[in-house]
Amino acid sequence: MAVTEVTWEFFEEEVERPPLTPAQVAWRRFRRHKMAMAGVGLLIVIILYVTVGAFFYSEAEANRIDLSVTLSSPSRSFPFGTDGTGRDILARTIYGGQISVLIGLCAVIVSVTVGVLIGAISGYYGGFIDAILMRFTEAMFNIPQLFLLILLAKFFGGKIPSFKLLGRSFSGSVVVIIGVIGLTSWMYLARIVRANFLSLKEQEFVTAARCVGARNASIIFGHILPNSIAPIVVAATLGVANAIMSEAYVSFLGVGVQPPTATWGNMLDQAYHHLESEPWMWFFPGVLILLTVLGINFVGDGLRDALDPRALAEAE
Amino acid sequence: MNDDHVLVQVHGLKKHFPITRGILIQRQVGAVRAVDGVTFDIYRGETLGLVGESGCGKTTAGRTILQLYRPTAGQVIFDGADLIALKSEELRCMRRRMQMIFQDPYASLNSRMTIARIISEPLRVHKLASGEEQVERVQELLRLVHLNPRFINRYPHEFSGGQRQRIGVARALASNPEFIVCDEPISALDVSIQAQVVNLLEDLQDQLGLTYLFIAHDLSMVRHICDRVAVMYLGKLVELAKKDELYDHPAHPYTQALLSAVPVPDPAAERLRKRIILEGDVPSPADSPPGCHFNTRCPLATNVCSEEEPQLRDVGGGHFVACHRA
Amino acid sequence: MAPLLEIRDLTTRFYTLDGVVHAVNGISYTLEEGETLGIVGESGCGKSVSVLSVMGLIPDPPGKIAAGQVLYRGQDLLRLDEAQIEHIRGKEIAMVFQDPMTSLNPVLTIGRQVIEPLIVHLGMGREEARLRVVELLEMVGIPQAADRYGDYPHQFSGGMRQRAMIAMALACDPSILIADEPTTALDVTIQAQIIDLVKDLRDRLGMAVIWITHDLGIIAGLAEKVVVMYAGFIVERGSVDDIYGDPRHPYTLALMKSLPRVDRSSGEKLATIPGLPPDLLGLPPGCPFTPRCEYAVERCRQENPRLEPVGPGHEIACWVDVTTGRER
C-alpha cells in the first residue's frame with residue numbers, strides 16, 4: 001500500500017539525528033554549568049583523598065597514641081600536626097573523612113527512602129491517608145532537628161555494639177547517627193514529592209495507564225516516580241551536605257560518633273580547648289568539611305538546572 | 001456494519017462533580033452536572049459519533065463509560081456485564097477488552113518511557129506476552145499503525161504529533177480490544193495529518209472488527225467516519241440518528257444551529273448559506289437551566305420548554321430527538 | 001490606485017541554539033482598501049510570523065527580519081523606529097490574537113484595557129473615552145456593556161473575551177484589522193457569532209481584514225483574496241473562487257481533497273498527503289513540497305519555483321501543470 005512505504009521513508013529521514021535520552025539531555029546541560037563541574041572536580045579530589053589516602057596510612061596509625069609528640073605543629077613527619085594524644089591528624093582526617101562521607105551517604109539513603117514513600121503515597125491516594133501523613137510530617141517539621149538529634153543520639157548512644165565492615169571497625173554510634181539524621185531530615189523531600197504527585201497524577205499518561213489496567217503500585221513506581229526524579233536527585237545531593245554538617249554538629253557537642261573512631265566532626269570537638277593555641281587541630285578537618293559541602297552544593301545547583309523539566313522540552 | 005448485536009448499553013448515565021466549600025469540614029454546595037442522564041446503545045462493529053461543544057460532557061461521558069470516572073448514577077453494560085457492579089480486580093481484567101485513544105499526543109505518552117515500554121504495557125499488565133514474544137508483538141503493532149519497527153527504543157519526544165498519536169493507537173490495540181473510545185483523537189493534529197490518522201482508524205476497524213465511540217467536535221470529520229451520530233448539550237443527549245439522516249434532516253433546533261454554523265470549504269455554497277446564529281453563551285454545567293437545558297438559547301422555545309425536560313423520543317427509523325417542538 | 005498594504009519579499013529568520021529557522025522566505029502580497037485577505041496554511045508555514053513581522057512584533061533576538069519591505073500607504077514600516085511604529089500599531093493597523101485568555105491582561109478590567117488605545121493614540125479625555133468604550137462594547141455585542149466595563153477577563157466567556165479583543169482593536173477605527181486564528185480556540189457556534197460580527201463590522205466600517213487560519217472552511221465564506229503558504233513560502237495566490245474552484249498547486253489541491261465535508265457524505269477514503277511537514281531548520285534547495293508531491297519532477301528537487309500567473313489574478317509557484325501532469 002503506497003501510504004505504508006512513503007510513511008516509513010519519511011520516518012527514517014525524520015529520526016536520523018542521534019536519539020537523546022532524557023539522561024543525555026540532562027548531562028549536556030549539566031556540563032555547561034561551570035560551577036557544577038568545579039564542584040564535581042572538588043568532590044573527586046576529596047573522594048580520592050579519603051580512599052586512596054588509606055593506602056598510605058593504616059587505621060592503626062590513625063589511632064596510635066604517642067604521648068611524646070602531643071600537640072605538635074605541622075612538620076615533615078606530621079604534615080597536619082598531632083592532637084592531644086599524639087595521633088596523626090592527617091591520618092585521622094583520612095579515616096575520619098571516610099566515616100563522615102559514609103554517614104552523609106547512608107543518612108541520605110534513609111531519608112530519601114522514607115521521604116519518597118511518604119510523599120508518594122500521600123500525594124497519590126489523597127484523602128484520609130494524605131491528611132494523616134501530612135499532619136505527621138508537619139509535626140516532625142516542628143520539632144527542632146538538632147534537639148531531636150541530640151536526644152536520640154544520647155538515648156541510643158551506647159546501645160548498639162561495634163561491628164566490622166570492609167576491614168574497618170565501626171562503633172555502634174555510627175549506625176545511630178545515620179539512623180537519627182536520616183529519620184529527622186525526610187520531611188522536606190516528602191512535601192516536594194507529594195506536590196509533584198498531586199500534579200502528575202492528573203496527567204493524561206496516568207489516565208492512560210489506568211485505562212490499560214495497570215495496578216496502583218505500578219503507576220506510582222513505574223510511571224509517576226520516574227517523572228519526579230529531578231527534585232529527588234537534587235534533594236538527595238544537597239541532603240548529603242546537610243547530613244555531613246549535622247554529623248559535625250552532633251559530634252561537636254559530644255553526642256555523636258565516639259572516639260577512638262575519628263570523624264571530622266568529633267575532631268572539631270577535640271579541638272575545642274585548643275582553638276587558639278593549636279589551630280591545626282580544627283583547621284584541617286574544618287576546611288575539609290567546608291570543601292566537601294561547597295562541592296556538593298555546586299553540584300546540586302548544577303543538577304537543579306540540568307534536570308529542570310523545561311530542559312526536556314528544549315530537546316523536542 | 002451493525003448486525004444488531006449490542007456491545008455497549010449505556011442507561012441513564014450520570015456523572016456529577018461535587019462543588020465543596022469549607023475549611024475544616026467540606027460541605028457540598030452544588031455540583032457540576034457534566035453528564036446528566038444519557039442513554040444509548042453501541043452496536044458491535046459500528047462507529048458511533050458523540051459530538052457537542054465545550055461543556056457538553058462528551059469527554060466525561062467517554063471516560064465514565066470506561067469507568068475511568070465512577071458514575072454517579074446509571075448503568076453501563078459491556079457485552080452483558082454490568083461494569084459498575086464489577087469488583088476492582090474484575091474491572092481491571094475487563095479493561096483488556098475496552099481501550100481509549102487520547103486527544104493530546106504529547107501528554108498521553110509518558111515521556112520517560114521508550115515507546116516499546118509504552119506499547120507493551122497492556123501486554124505486561126494482562127500477562128499476554130513476555131520476553132521475545134512481547135518484542136515481536138510490539139513490532140507487529142508498530143507495523144500495523146505504519147510506523148517503522150526499527151525505532152522501537154526511541155522516546156516519545158523524538159516523534160511528531162501524528163506519529164505519537166499512532167503510538168497511542170498501537171498501545172490501544174495491544175490487548176486486542178473489541179471496543180475503543182476515541183477521545184478527540186485528531187483535534188491536536190495538523191489538517192494534512194488528520195486524514196492519515198482517520199484513514200488508519202478506518203482500516204483498523206475493517207481489519208480487526210473494532211467498535212468505536214468517536215468523540216469529536218469537528219462535524220465534517222464526524223460525518224465522514226461515523227455510522228450513527230449522537231449530539232450532546234449540557235450533559236444531555238438531544239439527538240441520535242444515522243449519519244445521513246442527522247446531517248440532512250436534523251430535527252433538534254440545537255443540531256440545526258450547530259450544523260449551520262460549520263463552515264464549508266466552498267465559496268459558492270457559503271454565499272448561499274443561511275446561518276442560524278445562536279444568542280448568548282453556553283450556560284455552565286454547574287448551573288444548567290431548568291426544563292430543557294437548551295431553552296435559554298433556543299429560537300423555538302415556548303413555556304413548556306423551561307418547565308419540563310423533554311425525553312428522548314423515537315421519531316422513526318432509529319432517529320431519536322429530545323425536544324418538545326420537534 | 002496604490003494598494004493599502006504591500007509586502008515585498010519579506011524574509012524572517014530565527015537564530016536558535018539548534019540552527020537558523022527559516023520561518024518566512026521572501027513572500028509578497030498586497031491588500032487593497034476594504035479588502036478581505038485570507039492567509040491559509042498549517043502550523044509552521046509562517047503565516048503568523050509574517051503578520052507579526054508586519055506589526056514589528058518579532059522578538060529580536062532570536063528573530064530577525066532579514067529582508068523585504070512592508071509598505072503601508074507607501075511608507076516602509078520596517079524602516080521605522082519603535083516610536084514611529086507605535087503610532088501605527090493599534091491605531092491604523094490593529095491585531096486580534098488566538099487566545100483571548102493570554103492576550104488580555106488578567107489583572108486589569110476589560111474597560112481599562114479597551115480604553116487604553118483611545119487615550120494613548122487619540123488623546124481622548126477620560127470621560128469621553130469611557131463613553132466611547134461602552135459604545136464599542138455594545139457594537140461588538142456584549143450585553144449590558146455599561147455594567148461589564150468593570151469586569152475582569154476571567155468573568156467573561158471565551159466568546160465574550162474575543163469580542164472584547166475586537167473592541168480594543170477597533171477602538172481607533174483602524175484601516176486594517178489583522179486576525180490571527182481568532183476563532184480556533186472557540187466552539188463552532190461561538191465561532192459563527194464572531195465571524196458574523198467581523199463581517200458586519202467590516203461592511204459598516206469599511207476596513208480591510210487579513211484573516212489567518214488553517215481552517216479552509218472559514219476562509220471560503222469570508223475572504224475575497226487568498227494566499228496559501230507552505231514552509232515559509234507562498235505557493236498559491238488568487239481570488240477565493242480561483243483557489244477553491246480551480247486550485248493549481250499540488251499542495252492546495254491535495255489539501256482540498258483531504259477535507260471532509262459537512263454537507264455531503266462520500267463513501268471513499270479521504271485523500272491524504274503522505275509524509276510530514278518539513279523541518280524549517282534545514283530546508284533543502286528546491287521546492288519544499290517536493291517529498292510529498294505526487295507531481296514532482298527532477299527540477300523540483302533542484303530549483304525552488306517563483307510565483308507565476310496561471311490566470312488573471314491567479315498565481316502558483318510550481319514547475320508542473322497539474323491539469324496535464326507535465327512540466328510547464
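Convention: sequence-line order gives letters A, B, ...; per-chain numbering from 1.
Across B/Ser220, B/Ala261, B/Ser54, the residue that shares the most heavy-atom pairs under 4.5 angstrom with chain C is B/Ser220. Contact tally against chain C (heavy-atom pairs below 4.5 Å) for B/Asn199, B/Asp281, B/Leu219, B/Val262: the top residue is B/Asn199. Per-residue heavy-atom pair counts under 4.5 Å with chain B were compared for C/Gly141, C/Ala192, C/Pro260, and the maximum is reached by C/Pro260.
Of the two parts of C/Ala254, neither the backbone nor the side chain holds a non-hydrogen atom closer than 4.5 Å to a non-hydrogen atom of chain B. Heavy atoms closer than 4.5 Å to chain C are found in the side chain of B/Asp244, but not in its backbone. For chain B, the nearby parts of C/Ile218 are the backbone and the side chain; heavy atoms of each come within less than 4.5 Å. For chain C, the nearby part of B/Val198 is the side chain; its heavy atoms alone come within less than 4.5 Å. Neither the backbone nor the side chain of B/Gln194 comes within contact range of chain C; no heavy atoms are under 4.5 Å apart. Of the atoms belonging to C/Glu268, it is backbone heavy atoms, and not side-chain ones, that fall under 4.5 Å from chain B. Interface residue C/Asp263: backbone and side-chain heavy atoms are both found under 4.5 Å from chain B. Within the 4.5 angstrom heavy-atom criterion, atoms from both the backbone and the side chain of B/Leu258 approach chain C.
Side chains of B/Thr59 and B/Glu184: no donor on one and acceptor on the other come within 3.5 Å.
B/Leu208 has its side chain within reach of B/Leu173: a pair of non-hydrogen atoms, C-beta onward, lies under 4.5 Å apart.
Tested against C/Arg202 for a side-chain contact (heavy atoms from CB on, under 4.5 Å), the candidates C/Leu197, C/Val209, C/Leu177 yield a single pass: C/Val209.
The aromatic rings of C/Phe289 and C/His249 are tilted relative to each other, their planes meeting at an angle between 30° and 60°. Classification of the B/Phe294-B/His252 ring pair by plane angle, with boundaries at 30° and 60°, yields tilted.
Residues B/Arg164 and B/Asp104 are not paired through a salt bridge, judged by the lack of any N-O separation under 4.0 Å between the basic side chain and the carboxylate. Using a 4.0 Å cut-off between charged side-chain N and carboxylate O, B/Glu46 and B/Arg228 make a salt bridge.
Counting non-hydrogen atoms of other residues, nucleotides and ligands closer than 6.0 Å to CD of C/Gln144 gives a total of 12 or fewer.
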